[in-house]
Number of protein chains: 2
Amino acid sequence: MKNMQERIERLKEKGIVLTIQRLAVLEFLVENCTHPTVDDIYKSLKEKYPTISQATIYSCLELLRDAGEIQELSIHRDKACFDPNLRMHHHFFCKQCEKIFDVNIECPVSMQGWFDGNKVEEVQAYLYGVCEECRKKEGG
Amino acid sequence: MKNMQERIERLKEKGIVLTIQRLAVLEFLVENCTHPTVDDIYKSLKEKYPTISQATIYSCLELLRDAGEIQELSIHRDKACFDPNLRMHHHFFCKQCEKIFDVNIECPVSMQGWFDGNKVEEVQAYLYGVCEECRKKEGG
DNA sequence: TTAGATGCAAAGTGTTTGCAGCCTG
DNA sequence: CAGGCTGCAAACACTTTGCATCTAA
């Protein structure tokens, strides 16, 4: 269950009603840190909750994102994917196997805060390339 | 005309046919470094070339991007925008006025090359916040 | 009991595709 | 003249919206 309990407390404190669907979406993300898309989440939850709808998934994700419990990534130019990791971190995307994984490099931290009078509230760094596994496969 | 001539040479060397539409898209980007979307480009070029089509704009942009003459950004989660600046740089997006401007911070350079056996070919860092101008306006 | 959440379907937006006709080399 | 680019429209994929029904407190 990881830090589900803490998360549930935080959401309750914000006055958010914890419906079965919202808990299911949050739990799925916490248990699957593979940066799933809306469709990944929908397909998986549909097995356990056959009547769940895509619109509900969208609405739960928006709510959890606005509550600061999850992050929305735009690493794919055509669809959103989500990350329950609240720590400051970045992402690597493998162009070959399309896996996304976390990058714990502190580098862009220095860009947070202020930059020439502009207030920086959030930094997303996306690294695109070929992961170690794929490089080994193709004998590079 | 800025560095149009150089760009045209490079494209010719690659054997790319320089049609009026391709040159118009490239020139528009070089003259308008405001990170326009496909629709921005389309609307503007339609004034000079009334029969130009969106499909052509998409095709020109894809070609120029693949030729390495322009960059495609995914700073907006719902639509692409483009940047003719070939230097390594990043982007700031103002949540209020929605302007995007270049950030010449060297920071993430250190992430290029290699990272734990993964080959990093491209790094895009997006800074989200409120620009100086908007902060002044609201008397912050 | 009732405000507000869900499920469904339709609409909306950005992008891609197929193909006839046109242009460039 | 021929390959391939353009313009048009239809198809697509993801997301948002409207609304009747249901549910949690």
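Here is the naming used below: chain letters follow the sequence lines, and residue numbers restart at 1 for every chain.
The distance from the CG atom of A:Leu61 to the CD atom of A:Glu72 is 8.0 Å, given to the nearest 0.5 Å. Taking CG of B:Leu45 as the start and CD of B:Gln21 as the end, the distance is 9.5 Å to the nearest 0.5 Å.
The separation between A:Ile52 atom CD1 and C:dA5 atom C1' is 12 Å, rounded to whole Å. Atom CD in A:Glu62 sits about 11 Å away from atom P in C:dA5, given to the nearest Å.
Candidate nucleotides D:dC5, C:dT15, C:dT6 were compared by shortest atom distance to the side chain of B:Arg22, and D:dC5 ranks first. Of the candidate nucleotides C:dT15, D:dA24, D:dG7, D:dG7 has the atom lying nearest to any side-chain atom of B:Gln21. Closest to the B:Thr56 side chain, of the nucleotides C:dC8, D:dT15, D:dT6, is D:dT6. Checking C:dT16, C:dT17, C:dT6 against the side-chain heavy atoms of B:Tyr58 singles out C:dT16 as nearest.
Contact check, B:Ser53 against D:dT6: no side-chain N or O comes under 4.0 Å of OP1 or OP2. For D:dT15, one of the phosphate oxygens OP1 or OP2 lies less than 4.0 angstrom from a side-chain nitrogen or oxygen of B:Arg77.
No engagement by A:Leu18 is indicated, since no non-hydrogen atom pair under 4.0 Å with the nucleic acid exists.
A 6.0 Å sphere centred on CD of A:Glu133 holds no more than 12 heavy atoms belonging to other residues, nucleotides or ligands.
The one candidate from A:Val17, A:Leu64, A:Leu63 that meets the side-chain contact (heavy atoms from CB on, under 4.5 Å) condition with A:Leu11 is A:Leu64.
Each of A:Thr19 and B:Ser59 lies near DNA chain D, and the nucleotide nearest B:Ser59 is the one positioned closer to the 5' end.
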